[in-house]
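Taking it in order: structure first as structure tokens, then the write-up.
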Amino acid sequence: MLEDDAADAELTKFALRKGGDTLFGGARVETREDYMKELQERPPGLILSDYSLPGFNGHDALEIARGAVPGNAHFIFVTGTMGEEVAITETLKSGATDYVFENAVDAPW
């Protein structure tokens with residue numbers, strides 16, 4: 001999971017568990033360097049990514065994944081900003097699998 005906010009990452013994990021996914025145990029990374037290292041060491045089948053990240057963005061993350069992950073992992077944006085919808089829609093044309101808005105997820109609190 002590529003997410004710079006720990007609370008948002010926990011909310012996403014909660015939503016996955018609530019939906020019945022008991023298998024998601026992926027690492028959370030925040031930086032381009034950590035992301036690239038994780039892709040090399042443990043190529044994922046699914047990447048959940050925020051769109052706005054420190055030092056780079058979700059489009060860059062998608063391009064990195066497309067070149068680094070054999071078989072092209074599913075890439076889903078999880079974003080909290082409606083204004084990013086246009087950018088994400090354009091990114092879907094570049095190969096992202098889907099996107100969801102964080103505020104569409106029921107919080108546990």
Side-chain angles (χ1 to χ4, degrees):
M1 178 183 304
L2 185 55
E3 173 61 67
D4 61 331
D5 186 310
D8 286 347
E10 287 305 312
L11 180 60
T12 300
K13 288 180 186 179
F14 171 80
L16 288 169
R17 286 189 302 270
K18 184 177 176 183
D21 185 339
T22 57
L23 300 176
F24 185 80
R28 179 179 73 88
V29 296
E30 298 181 25
T31 66
R32 178 190 298 260
E33 293 76 24
D34 289 343
Y35 176 61
M36 292 174 72
K37 181 180 176 186
E38 190 69 24
L39 290 176
Q40 283 185 324
E41 293 177 1
R42 288 180 283 280
L46 171 65
I47 299 169
L48 302 175
S49 178
D50 192 0
Y51 189 80
S52 297
L53 300 155
F56 73 123
N57 63 38
H59 187 267
D60 294 340
L62 174 61
E63 289 301 313
I64 291 168
R66 290 180 78 202
V69 179
N72 293 325
H74 294 285
F75 193 102
I76 300 174
F77 285 104
V78 181
T79 184
T81 307
M82 294 293 284
E84 293 173 350
E85 184 174 9
V86 172
I88 292 172
T89 301
E90 287 301 312
T91 306
L92 289 173
K93 295 175 186 174
S94 299
T97 306
D98 207 348
Y99 69 96
V100 295
F101 289 107
E102 289 169 349
N103 58 3
V105 177
D106 292 328
W109 45 90

Does Leu46 form a side-chain contact (heavy atoms from CB on, under 4.5 Å) with Leu48? I'd like the steps, not just the answer.
CA-CA 7 Å; Leu46 171 65; Leu48 302 175; 4.1 Å; yes
side-chain contact (heavy atoms from CB on, under 4.5 Å) between Ile47 and Leu39, worked out:
CA-CA 10 Å; Ile47 299 169; Leu39 290 176; 3.9 Å; yes
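Here the straight-line distance linking atom CG of Leu53 with atom CD of Glu3 works out to 7.5 Å at 0.5 Å rounding. Rounded to the nearest 0.5 Å, atoms CZ (Arg28) and CG (Asp4) are 8.0 Å apart. The NE2 atom of His59 lies 8.0 Å from the CZ atom of Phe77; values are rounded to the nearest 0.5 Å. In this structure, Ser52 OG and Asn57 CG are separated by 7.5 Å, a value rounded to the nearest 0.5 Å. In this structure, CZ on Arg32 lies 5.0 Å from CG on Asp60, to the nearest 0.5 angstrom. Distance CG/Asp5 to CG/Leu11: 9.5 Å, rounded to 0.5 Å.
The shortest non-hydrogen separation linking Phe56 to Ala61 is CE1-CB, 3.8 Å. The nearest pair of heavy atoms linking Phe75 to Gly58 is CZ-O, 3.9 Å. Counting all heavy atoms, side chain and backbone alike, His74 lies closest to Thr97 at CA-OG1, 3.3 Å.
Counting only distance, with no hydrogens or angles, the side chain of Tyr35 and the backbone of Leu2 share no donor-acceptor pair below 3.5 Å.
With respect to the salt-bridge test (charged N to carboxylate O, under 4.0 angstrom), the residues Glu33 and Lys37 do not qualify.
Looking only at side-chain heavy atoms (C-beta outward), Pro54 and Thr31 stay at 4.5 Å or farther from each other.
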